[in-house]
Amino acid sequence: MEGNNFNNHFRDLFENSHDLIYFLKIDGEIELVNPAWLNTLDYKFEDVVGKSIYKFIHPDYLDKYRKNREDTVEKNKIKEIEFAFISSRNEPVIGLGQAWCGYLNGVPKYTRGVFKNMTLNQIAEKKVRESERRLQAFLNRGPDAIIIINENQEILEWNSKAEEIFGFSFEDIQGKTLAESIIPPQYREAHLNGMHHFLRSSEGPILNKTVEITALHKNGKEFYINLSISNVRMDDGWLFIAFLSDISKRKETEEMLIKKEVELIQSKLLQEKKDHFISIASHELKTPITTIKAYTQLTLELCNDEQKVVKNNLTKIDQFTNKLTFLLNELLDVSKISLGILNLSKTNIDFHKFLHDTLHVLQQITTHEIVIEQNDEVFLNADIIRLEQVIANLVSNSAKYSPGKNHVIVRSEKRENQVICSFTDFGIGINPLNIEKVFDRFYRVDESSIKFSGFGIGLFVSRQIINQHGGKIWAESEEDKGSTFYFSLPL
């Protein structure tokens, strides 16, 4: 540059400007660069002076830069251009600015350029774009419906989950207010009052809290949602961000469970009343039945041999009195079990002898032959009366449901630390679907209930007695071939 005729003002501007300024010879050789150019690109003056400017232009922009410079020189055009320098760290630095050509007597002598460093701006813009993309991804891919409104309650954002939950598309809902779209009529006044209160005091009763409330679907149906609202102050006013999720199915389940629980409690209370009634009724009925039995037996003793018809009728009365007493005792046991007052009185017993003696007594009152195939020597701690009741129930049950057959097989086997006792009949059997139900209270197989009498509580009582002894009771059966009932007791 001839004479380097810089005046003081230009030199100050040149050296202290934040813009990147350079002067080039017509062939592109660097003649002068300012400190901002050197500092931004991290070069020393001696690294660049006398070098071609094209060595410091990013390859992707080289053709574009060369063409722009040629137009500047040949056509005296001043055009704004964006390109990238290469720093000493081999990093691109985006420059945006203009280049001029200096002439002497109409002949081009040099070019000069002034460029702003746009790299930071582009990085900031890129971060903004990335942030916007992340925000959009969060809005559209999150599990919750997200709604953003301004302080005029106008809907500004409405993500895809909100479209799914409420049925409105963003185009349908944009610019509308919550009160005219998804807030049920009964809550609209409270919503408006709450918004006005917040704008006056910056306080809101449900802000930053999670509440359960109902909302309106596009079809007019009201359903339960979880709602959480946050607020943020912007230059042009407040924004409110609502996070919502549809909990209608959960609420339906909760309501159903509450209803079931109420029904269960009511059923339990009703059953307790029934059990108390059965207990009281059984006790009260036992007294007149005992009296009837006593008078029946006394009258039998007074009858002579000639009064055969009377004696026969009295004997039947006595037998049915025994049966009625047995049924009342079963009902009483059921009520005791339900009320938790069926207590055991245990003692040490020789189960081998106990089983033999019990079956011997039962043999006197059953038409089926009781065959003991196995009876191991074992000792255990048990309530004799209750255990006799279990065995009597199982023998009676086997005989009852095997009419036309003539025997019941009993086995008692010691296995490790327990004894397993079984009772096998050859009767009607049990459907596999009902095998566990036979131990339920008052359960009776439908097709057998007409043929066979009883309340269907003997096996229920037996299970409770065995369970209280720490044992188990179960059954195996095949329809039309018979059943085997088992119980185990710890030694």
Side-chain angles (χ1 to χ4, degrees), residues 124-263:
E125 289 175 1
K126 182 179 180 182
K127 288 182 177 179
V128 170
R129 289 194 297 269
E130 289 177 351
S131 178
E132 288 176 347
R133 283 196 297 269
R134 285 195 296 269
L135 178 59
Q136 286 301 319
F138 170 72
L139 287 173
N140 291 316
R141 299 177 189 172
D144 293 334
I146 301 175
I147 303 172
I148 301 177
I149 65 170
N150 58 22
E151 59 187 41
N152 296 323
Q153 305 172 55
E154 296 167 334
I155 297 171
L156 307 179
E157 291 289 345
W158 180 272
N159 72 344
S160 56
K161 194 66 177 180
E163 293 184 359
E164 177 186 332
I165 290 178
F166 293 99
F168 294 101
S169 68
F170 182 56
E171 290 74 19
D172 294 335
I173 207 77
Q174 186 179 20
K176 292 185 178 180
T177 67
L178 294 181
E180 65 180 321
S181 55
I182 65 172
I183 296 180
Q186 67 268 29
Y187 300 130
R188 289 173 184 172
E189 184 177 354
H191 168 73
L192 295 174
N193 292 339
M195 181 66 78
H196 293 152
H197 174 75
F198 174 82
L199 294 176
R200 290 194 305 269
S201 65
S202 297
E203 295 179 354
I206 66 170
L207 284 175
N208 302 309
K209 297 178 182 178
T210 300
V211 297
E212 292 183 2
I213 198 169
T214 57
L216 278 182
H217 191 271
K218 183 180 180 180
N219 61 16
K221 182 181 178 182
E222 199 167 331
F223 64 100
Y224 274 99
I225 60 168
N226 251 355
L227 170 65
S228 178
I229 302 177
S230 299
N231 60 306
V232 59
R233 181 73 179 181
M234 305 297 286
D235 292 338
D236 55 350
W238 286 100
L239 289 183
F240 301 89
I241 307 171
F243 298 85
L244 311 97
S245 57
D246 183 355
I247 59 169
S248 54
K249 290 184 179 179
R250 194 195 80 193
K251 293 296 289 185
E252 287 176 6
T253 303
E254 288 177 356
E255 290 174 1
M256 183 181 70
L257 289 174
I258 291 172
K259 182 180 178 181
K260 291 290 185 184
E261 188 173 351
V262 170
E263 290 176 353

For this session: For atom CD of Glu189, decide whether the heavy atoms of other residues, nucleotides or ligands shown that lie under 6.0 angstrom number more than 12.
Result: no
Exercise. Does the side chain of Ile147 come within less than 4.5 Å of Ile182's, by heavy atoms?
Worked result: yes
For this session: Could you walk me through whether Ser228 and Asn208 pass side chain to side chain contact (heavy atoms under 4.5 Å, CB included), step by step?
Result: CA-CA 6 Å; Ser228 178; Asn208 302 309; over 6 Å; no
For this session: Answer yes or no: is there a side-chain heavy-atom contact under 4.5 Å between Glu255 and Tyr224?
Result: yes
Exercise. Just wondering, do Trp158 and Gln174 contact through their side chains at under 4.5 Å, heavy atoms?
Worked result: no
Exercise. Any idea which heavy atoms bring Lys221 and Asn219 closest together, and the distance?
Worked result: N-OD1, 2.8 Å
Exercise. Is there side-chain contact between Ile149 and Leu178, with heavy atoms separated by less than 4.5 Å?
Worked result: yes
Exercise. Would you find a donor on one side and an acceptor on the other, under 3.5 Å apart, between the side chain of Glu151 and the backbone of Trp238?
Worked result: yes
Exercise. Does the pair Phe166 and Ile173 meet the rule for a side chain to side chain contact (heavy atoms under 4.5 Å, CB included), with working shown?
Worked result: CA-CA 10 Å; Phe166 293 99; Ile173 207 77; over 6 Å; no
Problem set entry | Within-4.5 Å side-chain heavy-atom neighbours: Thr214 and Gln186 | yes
Exercise. If only atom types and distance count, is the side chain of Asn159 paired as donor or acceptor with the main-chain N or O of Ile146 below 3.5 Å?
Worked result: yes
Exercise. Would a distance-only check, ignoring hydrogens and angles, find a side-chain to backbone donor-acceptor pair under 3.5 Å from His197 to Asn193?
Worked result: no
Exercise. Do the rings of Phe240 and Phe198 sit parallel, tilted or perpendicular, given the 30° and 60° boundaries?
Worked result: perpendicular
Exercise. Any side-chain heavy atom of Thr210 sitting closer than 4.5 Å to one from Leu227?
Worked result: no
For this session: Identify the heavy atoms of Ala179 and Arg188 that sit nearest to each other, and give their distance.
Result: O-NE, 2.8 Å
Seminar exercise, completed: Rounding to 0.5 Å, atoms NZ (Lys176) and CD1 (Ile155) come to a distance of 8.5 Å
Problem set entry | CZ (Phe168) with more than 12 external heavy atoms under 6.0 Å | yes
Problem set entry | Glu261 atom CD, neighbour heavy-atom count above 12 within 6.0 Å | no
Problem set entry | Backbone of Glu154 reached by a side-chain donor or acceptor of Asn152 within 3.5 Å | no
Exercise. Going from CG on Asp246 to NE2 on His217, what distance comes out if it is rounded to the nearest 0.5 angstrom?
Worked result: 9.0 Å
Exercise. Taking side chain as C-beta onward, heavy atoms only, is Glu252 less than 4.5 Å from Met256?
Worked result: no
Problem set entry | Stepwise side chain to side chain contact (heavy atoms under 4.5 Å, CB included) test for Glu212 and Asn226 | CA-CA 5 Å; Glu212 292 183 2; Asn226 251 355; 3.2 Å; yes
Exercise. Taking the side chain as C-beta and beyond, is there a heavy-atom pair between Gln153 and Leu192 under 4.5 Å?
Worked result: yes
Exercise. Thinking salt bridges, do Glu164 and Lys161 make one under a 4.0 Å N-O criterion?
Worked result: yes
For this session: Output the distance between atom CD1 (Ile241) and atom CD1 (Ile229), rounded to the nearest 0.5 Å.
Result: 11.0 Å
Exercise. Measuring from Asn231:CG to Leu239:CG, what's the distance to the nearest 0.5 Å?
Worked result: 9.5 Å
Exercise. Say you draw a straight line from CG of Asn150 to CG of Leu156; how long is it, rounded to the nearest 0.5 Å?
Worked result: 4.5 Å
For this session: For Asp172 and Lys218, work out which heavy atoms get closest and say how close.
Result: OD2-NZ, 3.6 Å
